[in-house]
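Here the structure comes first, spelled out in structure tokens, and everything after it is commentary.
Order of appearance sets the numbers: ligands from 1, and atoms from 1 within every ligand. Reckoned from all heavy atoms, side chains included, excluding hydrogens, waters and symmetry mates.
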Amino acid sequence: MTAQDSIQYVKGVGPRLAEKLLARGIRTPQDALYFFPKGYQDRRRTVPIRELSAGMTVPVRGKVLSVQGGGRLFRGPRLLEVVIGDGTGRVVAKWFRFHPSLVERFRVGEPVTLCGTVRLFRFLPEMHHPEILSTEEAADPIHSGRIVPVYPDVEGIPPRIVRKIQWEVVRNHADKEAECFPPWVLEKAGVPPLHESLVAIHFPRDDADAASFREFSSPQQKRLVFGELFSLQWALAKRRAGMDRESATPLPWDPEIVGEIKRRLPFDLTGAQRRVVNEILKDLKQPHPMHRLLQGDVGSGKTIVAWIAAMVAWRHGVQAAVMAPTEILAEQHYRRFASLAKGLPARVDLLSAALPPKEREAARERIRNGETDIAVGTHALIQESVEFRDLALGVIDEQHRFGVLQRAALRGKAKTSPHLLVMTATPIPRTLAIALYGDLDVSVIDEMPKGRIPVRTRVVTETGRRKVFEEMRRELDQGGRAYVVLPLVEESEKIALRDAVRTAERIREAFPDIPVGLLHGRMKAEEKESGMRRFKEGELRVLVSTTVVEVGVDVPEATIIVIEHAERFGLSQLHQLRGRVGRGLRPSSCYLMVGNEQGEDAAARLSIMERTTDGFRIAEEDLKIRGPGDFAGVRQSGIPDLVFADLVRDAGMLQVAKEVAGELHGKDPDLKEPAHEGIRRFLARRAATALD
Ligand code: ADP
Ligand code: MG
């Protein structure tokens, strides 16, 4: 029998069980090999009842002392209670749902072995729905005296039978699973070969560390983690190599260009900005397109870096495009770029849907005929009707707001591949960046411009609200401006709106002399933008908003931000919101309001915000708490759902997988060597199942 035959021929299966297994997706022994335990029970030793404590999952052996509740005297028995004693104590086994025949398995005075998780009820140990092992089973090395696998439920097959089937499958078929990685790879990853892993994952050896199996961190389990991460990194390595083969217009710089740009800088660059600029200039020289991700906290000064890159393009007589997610950000970039370029014969143009049709058409025409040197805009830039004469550099700001397709669309506007700089203010933990952006080079601005005063942050419960308002009053009296932010409750926009309206009223009452604006999700884009603009210009002094307002908008006069229901935000999101203040010369503060009820828990989770303003540390913490799915950009990135790997737990393995993928790709990009045949098969199989 081979691993690809029907599972029905495995000892003890037959057509009836085969059907039930098929319903679980298990058609062959090979499928069964990859049907893994969801947990493990350490049954290497039965434990005297006296030693039981809550939470242990162990076997106990004893005599049945009493059986209650299952008797025929009762109508519709609800609860079966069986008391077991072993001379050191008693434990009560309880079943809340059971087949009447269960009662028959117990006879007072007979020995029995039970295995389950211990709970304490009135200080006495209990087990709910424990597994019952017959004398025979209690002596069977499949179910007893070992670390026992616990499989996900297969409908219609009792757990013990599933385990028995798996035992047969593993015994007869595991060693036929050929290892796909050459020895040097396994060695580098520090994992055993596949067949050894499969055997151990189903039935760990007696000397194994049960806890490490439960945490999915045994070397044997890591073998699977590695395989999964490797295939992810291989795809990225391929993509990356594909880009390296493309050619692009090289944009070398010379001292003259650099001198001219330097003279126009309104401030000295920070060390981090200078380093990043150098990285970018080096890329631009190459005849291959740059693919660089620029990460830097809100306010770290990414715009000027983009401007420098655009100026280099301009000096070479080719076009640059800068794309931002909203009108107001595009406009802000446009103004900054235009003012920085003032006096130079460089033409900066704005292209957005908000322009009157005539102006829009005129801008499009200039972009087409090459009059425009730097085109700044929104999605409008990648519309079909837009054509560039010779686009050589694309910059995407707040890239997490754009999908892969939009990135591709911008690239598509150029005749030869353009250099691409994508910028994000969402600090992404390093591990996640490797997983997501393995195909990009990453630059980080990890230093704030001089003179920035860190935003003072406090978590405040409802009781402290008065103090917060007093502080707001003081700031407003000194000419400051304030943001009040409410979470956008997507499921119930209505409630969010009502909340926002009520908050705005409350603030108007508290500060009758201050013009207060309200922005919410129901408003049209233009209304939102105009509200934001009035706040920026000082016509409004307090802005109450659901989180619709773009974080990149620069209002240096804003010195206080109050975030309502802060517990509903992720840490990274809070950090982004906080970045709206602290952009000017005056010290700023951020108040994270939490309800009195959520007080303690929320305060504990949010307290890191009080301790650090380092976006990367906050992101790491967020990743630990919420996992990767919530990170901006993760969903759009097309990263497959990982089955075995956990990007937090397996950060080290991710790095190894990246290195191995890079090295292999360098040596044998098409996996033509005989030694890499297995890897090719492995990747092909994964690709096939991914398509499913
Ligand atoms: P972000 O990285 O969030 O896009 P910006 O580029 O908008 O940040 O910069 C935030 C503010 O800091 C802007 O007002 C900008 O002019 C200013 N800035 C940037 N770099 C420096 C610097 N090296 N020194 C002083 N101010 C700077
Ligand atoms: Mg910005």
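Look at Arg533 and Glu529 and you find a salt bridge, because one of the NZ, NE, NH1 or NH2 atoms lies within 4.0 Å of a carboxylate O, short of that distance.
Between Trp307 and Phe337, the two ring planes are perpendicular [angle over 60°; tilted spans 30° to 60°].
At least one side-chain heavy atom of Tyr483 sits less than 4.5 Å from a side-chain heavy atom of Val581. Using a 4.5 Å heavy-atom cutoff, the side chains of His316 and Ile257 are in contact.
Under 4.0 angstrom from ligand 1, the non-hydrogen atoms of Arg336 all belong to its side chain. In Lys450, neither the side chain nor the backbone holds a heavy atom less than 4.0 Å from any atom of ligand 1. Residue-level proximity to ligand 1 for Asp268 is carried by the backbone, the only part with a heavy atom below 4.0 angstrom.
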Item checked: Test salt bridge (Lys or Arg N to Asp or Glu O under 4.0 Å) applied to Arg465 and Glu564, step by step -> CA-CA 11 Å; Arg465 180 176 293 276; Glu564 302 285 346; 2.7 Å; yes
Next item on the list: Show your reasoning for whether salt bridge (Lys or Arg N to Asp or Glu O under 4.0 Å) applies to Asp446 and Arg275.
Entry: CA-CA 10 Å; Asp446 51 5; Arg275 189 186 65 233; 3.6 Å; yes
Checklist line | salt bridge (Lys or Arg N to Asp or Glu O under 4.0 Å) between Arg389 and Glu371, intermediate numbers included | finding: CA-CA 9 Å; Arg389 196 191 63 176; Glu371 256 179 85; over 6 Å; no
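Residue contact annotation: Ile445 has no non-hydrogen atom under 4.0 Å from ligand 1. Distances shorter than 4.0 angstrom do not occur between any heavy atom of Ala425 and any atom of ligand 1. Ligand 1 has at least one atom lying under 4.0 Å from a heavy atom of Arg452.
Every atom of ligand 1 with a heavy atom of Ser300 under 4.0 Å away is listed here by number and element: 2 (O), 8 (O). Listed by atom number, the atoms of ligand 1 under 4.0 Å from Thr270 heavy atoms are 23 (N). For ligand 1, the atoms closer than 4.0 angstrom to any heavy atom of Val298 are 3 (O). Atoms of ligand 1 found under 4.0 Å from any heavy atom of Thr303 (numbered from 1 in listed order, with element): 4 (O), 5 (P), 6 (O), 7 (O).
With atom 2 (O) of ligand 1 as the reference point, the heavy atom nearest to it among His333, Lys302, Arg583, Gln332 is part of Lys302. Comparing Ala272, Pro449, Gly296, Pro556 by heavy-atom distance to atom 25 (C) of ligand 1, the nearest is Pro449.
Checked against a 3.5 angstrom limit, the closest N/O atoms of Asp554 and ligand 1 fall inside it.
Remark: side-chain polar atoms of Arg583 are paired, donor with acceptor, to backbone N or O of Gly579 under 3.5 angstrom.
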Pairs under 3.5 angstrom only: tabulate donor-acceptor contacts from the side chains of residues 259-268 to other protein residues two or more places apart or in another chain.
{"residue": "Glu260", "atom": "OE1", "partner": "Arg315", "partner atom": "NH1", "Å": "3.2"}
{"residue": "Glu260", "atom": "OE2", "partner": "Arg315", "partner atom": "NH1", "Å": "3.3"}
{"residue": "Arg264", "atom": "NH1", "partner": "Leu340", "partner atom": "O", "Å": "3.1"}
{"residue": "Arg264", "atom": "NH1", "partner": "Lys342", "partner atom": "O", "Å": "2.8"}
{"residue": "Arg264", "atom": "NH2", "partner": "Lys342", "partner atom": "O", "Å": "3.1"}

